[in-house]
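By convention in this document, chain letters (A, B, ...) are assigned in the order of the sequence lines, proteins followed by strands, and residues within each chain are numbered from 1. In what follows, every heavy atom counts, from backbone to side chain, and hydrogens, waters and symmetry copies are set aside.
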Amino acid sequence: MIHSLFLINSSGDIFLEKHWKSVVSRSVCDYFFEAQERATEAENVPPVIPTPHHYLLSVYRHKIFFVAVIQTEVPPLFVIEFLHRVVDTFQDYFGVCSEPVIKDNVVVVYEVLEEMLDNGFPLATESNILKELIKPPTILRTVVNTITGSTNVGDQLPTGQLSVVPWRRTGVKYTNNEAYFDVIEEIDAIIDKSGSTITAEIQGVIDACVKLTGMPDLTLSFMNPRLLDDVSFHPCVRFKRWESERILSFIPPDGNFRLLSYHVSAQNLVAIPVYVKHSISFRDSSSLGRFEITVGPKQTMGKTIEGVIVTSQMPKGVLNMSLTPSQGTHTFDPVTKMLSWDVGKINPQKLPSLKGTMSLQAGASKPDENPTINLQFKIQQLAISGLKVNRLDMYGEKYKPFKGIKYMTKAGKFQVRT
Amino acid sequence: MTDSKYFTTTKKGEIFELKAELNSDKKEKKKEAVKKVIASMTVGKDVSALFPDVVNCMQTDNLELKKLVYLYLMNYAKSQPDMAIMAVNTFVKDCEDPNPLIRALAVRTMGCIRVDKITEYLCEPLRKCLKDEDPYVRKTAAVCVAKLHDINAQLVEDQGFLDTLKDLISDSNPMVVANAVAALSEIAESHPSSNLLDLNPQSINKLLTALNECTEWGQIFILDCLANYTPKDDREAQSICERVTPRLSHANSAVVLSAVKVLMKFMEMLSKDLDYYGTLLKKLAPPLVTLLSAEPELQYVALRNINLIVQKRPEILKHEMKVFFVKYNDPIYVKLEKLDIMIRLASQANIAQVLAELKEYATEVDVDFVRKAVRAIGRCAIKVEQSAERCVSTLLDLIQTKVNYVVQEAIVVIKDIFRKYPNKYESVIATLCENLDSLDEPEARAAMIWIVGEYAERIDNADELLESFLEGFHDESTQVQLQLLTAIVKLFLKKPTETQELVQQVLSLATQDSDNPDLRDRGYIYWRLLSTDPVAAKEVVLAEKPLISEETDLIEPTLLDELICYIGTLASVYHKPPSAFVEGGRGVVHKSLPPRTASSESTESPETAPAGAPSSEQPDVIPTQGDLLGDLLNLDLGPPVSGPPLATSSVQMGAVDLLGGGLDSLIGGPNFVAPPAAAVPANLGASMGSGLSDLFDLTSGVGTLSGSYVAPKAVGSISMDLQLTNKALQVMTDFAIQFNRNSFGLAPAAPLQVHAPLSPNQTVEISLPLNTVGSVMKMEPLNNLQVAVKNNIDVFYFSTLYPLHILFVEDGKMDRQMFLATWKDIPNENEAQFQIRDCPLNAEAVSGRLQSSNIFTVAKRNVEGQDMLYQSLKLTNGIWVLAELRIQPGNPSFTLSLKCRAPEVSQHVYQAYETILKN
C-alpha cells in the first residue's frame, strides 16, 4: 500500500514528507527530479516512475507535485485517486491548496494525512468525516482555541464512520433548509479547418449543495433520463432504483458534493454553440502575415454567450502582432508567443472580430504548423445536451425545503484547428 | 496565527529551547512545543533528541496532544527502542479506554512502532481489539495484523491472528470485511504459497454483499480479491459478473478499473452465444470512455489498460475511436498512448478519419509525438490494406514538407510498406531519392539504402547513389554499414557489368579496414559467395523475402492473458508480468485466465471446448521493427529450400548459417530432410563450414570443404555414409569424427578412416558403422544428430536428421495378448493419429514392406470392409511403439494410430512409416 508521500514544489524542493510505514529516505525523490528535468514542462512528468526499490506515483496540481512512494504491487489508479483526494481535501480545508498555505497549516495537514491512511490503507477520506475528526482552521476557531485551550481535534467517534450512510453525519440541524443543484456541462470539441466537427463530447456534472435537517431521502427525476447512459454516481445514489426506474434516489451527504457526473458522446446530441471564422496566412516571401478571426454564435437556443476568451499559441516564427479587436482587449506575449483575446459577450448583431498583421522573422521560411485556437465561453441557464430536471422530492422529513436548480454550459477543451 | 510560526528558530539552539518548553507546567505551552517538534519533523529535521521529553507528554487526556505525541512516536521509536518501551504502558491502558476512538488510536499507533520489544506487548491488546464490540476498533485492528505481520510474521502465525483475520471476512460490518480482505491480501502477497484467501462460493457471497455497502477503497480491495477467484462454472461466473457490473458506474476510477478486471477475467468463462455475453460487452465500453475524461494521470493508467483490453477484446471499443483523438494540450505521455490505441482500433471503416487525424498530428510541435504519428501512418498502411494507397500519398505529402525528422520517419515506414506490398508503390522511389542528402539518422539512412539496393534495377543511378554513401563508410553506424554492404552486393548481382569496382571497394572496406566483427563476417561471406558460386549468391541474396505481418508490437497472447488478470495493477502499466519487476521476485504466482467450463446442467454447446486457447483469431506476433539488424539478416535469408542441388547446398548452408549468427547456430541451423530413396536409403544434404578457419584461409582464395551425409543402408547394423569433398585449396589429412550426445545414444563404432590425404576438389566416400551405446541427451527435434569432423585444418560441425526406422530392432514383434494388454494400458492421451496419403499398396504389401524395416504385424482384422493391421516395433533403447493401421481397399489414404509410453517419438515413427511405404 502507500508507503510515503512527498510534496514537491515546482523548483524541486521537498517541503513536506509523511510516512505511513517505515521511513523512506527522501533521496528516493532523486529519481523523480531526474524525470522532472527530462520533461520539458511540469505537466509532462510521467505519473508512474520506477526506481530500483520503489515506485513513484505522482499527480501535479496547483503547481505542487504530490508524489506517493509504493513498494509492492498496488493498483496505481488507487494511489492516484487517493492523491487527488488529498488535494481535494486540502482545498476543502484551507480554501486554496498552495505551498504557503500547507506550510502555514502543517500540523493540521499532518493530522489529516494521518487520519486519511493507516498503514497505507485508506481510513477516512470523506471530507465530511474528516472535518468531524479534525476541525478545519478558521480564524474564529484559532482565536477561541488560544483563549480557551480547547483543540481542533474532535474527541467523538464520527457518527457517519460506521453507519449504513457513512457519508452523512447524524444530528444535522439547519434553520433554513435548502437544496441547490447545479447542472454544469462542459463541451470538449475539436473543430477542423473547414469548421466541421471532428469530435465533440459533453462532460456533465450535477453538483449539489444540500443543507437539510435530519435524514432526508431525496429523489430527483429527469425529463429525458435516456441521455444519461454513461454515468458515475456518488456512493449515496441507489443504483438499483436508477437501473429500473431511471430515478436518482439518495440520502444526501451534508453540504457540497458531486451527485453525479456523466458523459454524452453521441455526436448528434452535442450542439456546438459557437463558430470561429479564421483566415491566418503566412507568405514565404514577405515578413508579414495576415491574421483575422471572427467569433459568432451557432446553436445557442436563444441564449447569450458570455465570457468568451480566445487564446492561441502562435508559431515560433511570429515576432509580433499588431491587431485591432472590434470589442474586448487582446494581448500578445512575444516571448511565449501566446495570443489572448478577452472578447466578453457575443452580440449576434455585431460579431466580434480581431484583425491585423503578424510580423515574422525576416528571412525565415514560413512556419510548418498552423496555430490552434482555444476557446472559452459560458452560457447561463442552458444545459447544451438538453438535460432537464423534472422534479425533486423529499421524503423522511416533515419540513418544506427550499429547492433550486441551475444550468450552465461551459467550454471544456474546445479547440479550433486552422 | 498560523503554523508557520513553528518554523522560526531562535539563535539560542532550537532543541534546547524546545526541551524547556516541553517540560513546562503549562498545558498550553506543552502543546505548542509538541506542535513545533512535529513541524520540524515534517520538514525532515532531526528532533529525535527530544524523545524522552515528548514521551512524557503522552499521559494526557487531551486527544490532540495525544495524537501529536503518537505521530512523533511512530517516527522516532525505531531509533530509540529503549525509550519507546516507556510508552508501552500508556498504550496498554489506552486499549482499555471506554472511548472507541482512543482504543482504535492506541492499537493503530502500536502497530506502527516497529520495535520488537513493543510488538511483544502488542499481542494481548490486539487480540482484544480484534473482538471488540465496536466495528471501528475491529477494522483498525484488522489492519494492525498486517502491520504486525510486516514486522514479525512468525509471531502473527504463532498467535493465531491469521485465523482471527479470516473470521473477520464473515463480519457483519462491511467496512471490517473490506479491511480484513485488504490485510489478508497484503499478507498473502509476501506469502504467495500460503492459502490465506481461501475463496469458496460462501465467502464469495459474503464479499459480494459487503461490496455494495463498504467504502470505495474497500470496494477496490474486495474486487481485487474477487479477481483471484476461479468460479466453478459459467453460471457462477455470470452471477458474479451481474453483481459486479453496478461498480462500473462508480465515481472512483480505481473501483471502475478493478471491476473491469473482474469482468474481463470471468467473461473468459462465458459462452459467446450467451445473450449476457453481448450485454456485458456493451456495458464495458462507457466506463472505459469515462475514464478518459478524468485527470491526465488517471487517463494515463487507464490508457495503458485499455491498450491491453483492446488487444484482448477489440470489439468492446471498436466504435469509440474518436475518444482517443489527441487534444493538443494533453500531456505527452497521454498523447503517445492515445496514438497507440488509435492504430489498434484502426479498421477499414474508420481509416479515413484516423488518417486525417494522423496527418494533423504530423504537423504539431512536439518532435517525439510527430515522429510517432508518422510511424503510425505507416502502421495503418500495413494494417488496413485498402488504405495503403492513401497512406502512401499522405506520407509523400509529408515528405514534401521537407521537415527533416518527418522525412526521415516517413522513409523508415515506407520501407516497411514496400515489404508488405511488394511491387505496388515503387513509383514513389524517385521522390524518396530526392531527399537522400537530408537524411542524417542511421535508421533512415539504412532504410533508404535498403530501398536503393532492393530496387536497384529500377533506379538508373543506383550505383551513384550508393557510391555517395560509400565515401564516408567508416563514419557510418554499423546499421548503415551492414545495409550498405548488402545493398551494393544486391546491386552487383543485378547489374554486374557496371558495378564490379564498387563491390570490390565495399568488400575490402568491410573486410580489411573495419574492426567490427559482424561487418567483417558479412563481408567475407559475400566475398566467398560471389567468388565461388554467383548463382548461389543470387539465390541467397536476392531470395524472395517473407512478407511482414500485419500487426506489429502486439503482446504475445499468453502474456496478454496473464496481463488481463493484472488489469489495474502496475503490471498493466508496464505491460510486463509482476515477476519481471516486483522487488526481489518474491515468488509471484502466475495468474491465468480461467478456462471456460459449462455448468453441468447447461445444454451442450459446441463452445465448451477449453477456451484456454483462443487460438485461431490470434494474429501472429512478430517482433517490433526496432531491431533492424535482425530484420535485415532475416531479409537476406533464403527460404528453406527442400532438396537443393547437392553441388550448391553445402555452400549455401554455410552462408546461411553464418548470416544467421555465430557458430552456435551452425549446429541446429536449417536442416535438409532429403527425400529418402529405397535404392539410396537416404541422402541428406549436410552443412559444413567453419567460419573462422575458412576466413583465415582467405589469403589463398576462398576455400571450403564440402561433405554430404548419407544415411544407413541396411537394416541390422546401422551405419552412416559420408561423402567428403575438399573445397579448400589445401590438402586435408588426419580426419576424425565425433558425435554430440543424442537422443538414442548413437555413436561411431569405429574411427573415421580416410586413408589418403584429401587433395583439393577430391571427393571420398566413407561408410561409418554406428552403435547405440553412446551417451544420451534428448535432442530437439528428437532425431537430430550433431556431428563434428576434425582434420588438420579445423573442426567442422554439422547437424543432420536421421530417419527413425534405422533404430527399429529385429526383436520388435510383440505377443498378441501382450499387445492387447499394453494397448489398453497406455493412456489414451498418448495416442496420436496420422494420415498417410497417396499410398497405393494393399494390406499385404504394406505388411511385407514394413516387416523388412522391422515393423511387425501382430494381428490383422477386417472390420466393415476395412483392413486393420495391428503392429509393433521396438527402438534400440527398448521403447515399444504400438500401431494400428487402417486401410480401406481402393482408398490410398491410410489412418495410422500410434500408442507409445513416450509419445514424443510418435511423430518420427509416423515419418518413418511414410518413408518406408512411399519408397
Side-chain angles (χ1 to χ4, degrees), chain A residues 1 15-17 22-23 26 43-44 46-48 53 55 59 71-73 75-78 80-81 84 103-107 110-111 114 118-119 121-122 125 142 149 151-153 155 157 161-162 164 166 190 198-199 203 229-235 239 261 263 265 368-369 372 413 415 417, chain B residues 1-4 27-28 35 38-39 42 44 62-64 67 71 100-101 108 114 135-136 143 146-147 173 175 182 189 215-217 220 246 249-254 257-258 286 289-290 293 295 297-298 300-301 322 325 327-328 331-333 363-365 401 403 568-570 573 578 582-583:
Chain A
M1 293 294 123
F15 65 92
L16 187 106
E17 57 182 298
S22 50
V23 176
R26 54 165 69 190
E43 287 81 9
N44 287 341
V48 184
H53 301 287
Y55 295 92
V59 304
Q71 199 159 24
T72 48
E73 175 67 272
L77 274 190
F78 159 89
I80 294 173
E81 274 277 358
H84 281 298
K103 277 187 168 164
D104 279 352
N105 295 288
V106 70
V107 176
Y110 223 65
E111 285 171 333
E114 183 61 29
D118 174 21
N119 194 35
F121 296 104
T125 52
T142 23
T151 72
N152 55 352
V153 173
D155 52 3
L157 189 58
Q161 184 79 315
L162 287 159
V164 204
I190 303 175
I198 294 177
T199 63
Q203 313 287 357
D229 67 336
D230 181 2
V231 279
S232 318
F233 296 117
H234 188 276
F239 190 74
S261 54
H263 181 92
S265 56
D368 311 316
E369 74 265 22
T372 304
K413 288 181 175 176
Q415 305 179 354
R417 292 177 182 162
Chain B
M1 273 299 156
T2 63
D3 293 351
S4 53
K27 259 192 182 174
E28 199 43 45
K35 279 193 175 181
I38 300 283
T42 55
N62 181 316
L63 193 59
E64 186 182 21
K67 275 193 173 180
L71 277 177
L101 199 59
R108 198 172 115 196
R114 308 173 64 86
Y136 182 73
V143 174
K147 293 181 196 168
N173 186 295
M175 253 78 87
E189 208 177 303
T215 65
E216 48 197 315
W217 313 109
I220 300 170
S249 304
H250 202 286
N252 185 320
S253 56
L257 203 57
S258 290
V289 171
T290 306
S293 50
E295 286 84 358
E297 299 92 0
L298 296 169
Y300 171 73
V301 177
K322 286 193 171 172
F325 284 180
K327 304 203 173 75
Y328 87 97
I332 181 74
Y333 54 84
T363 61
E364 279 213 30
V365 196
T401 65
V403 178
T569 66
L570 280 174
V573 175
V582 163
E583 169 86 335

Quick one: which of B/Thr290, B/Leu257, B/Ile220 has the most heavy-atom pairs under 4.5 Å with chain A, could you say? B/Thr290
Out of B/Asn252, B/Val573, B/Val301, which one racks up the most heavy-atom pairs below 4.5 Å with chain A? B/Asn252
Test side chain to side chain contact (heavy atoms under 4.5 Å, CB included) on B/Val289 and A/His263 and set out the steps. CA-CA 9 Å; B/Val289 171; A/His263 181 92; 3.4 Å; yes
Pair B/Glu216, A/Thr125 - check side chain to side chain contact (heavy atoms under 4.5 Å, CB included), show working. CA-CA 10 Å; B/Glu216 48 197 315; A/Thr125 52; 4.2 Å; yes
For residues [X] and [Y], report the shortest heavy-atom separation together with the two atoms involved.
| X | Y | answer |
| --- | --- | --- |
| A/Pro76 | B/Thr569 | CD-C, 3.4 Å |
| B/Leu570 | A/Thr72 | CD1-O, 4.3 Å |
| B/Ala251 | A/Ser232 | CA-CB, 3.7 Å |
| A/Asn44 | B/Tyr333 | O-CD2, 3.7 Å |

Bottom line for A/Phe239: the part with an atom under 4.5 Å from chain B's heavy atoms is side chain
Side chain, backbone, both or neither: which part of A/Ile80 has a heavy atom under 4.5 Å from chain B? both
From B/Lys327 atom NZ to A/Thr199 atom OG1, the distance as rounded to the nearest 0.5 Å: 5.5 Å
One thing to verify: whether B/Lys35 and A/Glu111 come together as a salt bridge, which I'm taking to mean a side-chain N less than 4.0 angstrom from a carboxylate O. no
Using only atom types and a distance under 3.5 Å, with no angle test, would you say the side chain of B/Lys322 pairs donor to acceptor with the backbone of A/Ile198? yes
Side chain to side chain contact (heavy atoms under 4.5 Å, CB included) involving B/Ser253 - partner list, sequence neighbours excluded: A/Leu77, A/Glu81, B/Leu291, B/Leu298
Who pairs with B/Pro286 by side chain to side chain contact (heavy atoms under 4.5 Å, CB included), at least two apart in sequence or on another chain? A/Asp230
Are A/Phe78 and B/Trp217 close enough that their ring centers fall under 6.0 Å? yes
Tell me, with the steps shown, if B/Lys67 and A/Glu114 meet side chain to side chain contact (heavy atoms under 4.5 Å, CB included). CA-CA 9 Å; B/Lys67 275 193 173 180; A/Glu114 183 61 29; over 6 Å; no
Name the option with the most non-hydrogen atom pairs under 4.5 Å to chain B; the candidates are [options].
| options | answer |
| --- | --- |
| A/Lys413, A/Met1, A/Gln203, A/His84 | A/His84 |
| A/Pro235, A/Pro46, A/Ser261, A/Pro122 | A/Pro122 |
| A/His234, A/Gln415, A/Glu43 | A/Gln415 |
| A/Thr372, A/Val231, A/Asp118, A/Val48 | A/Asp118 |

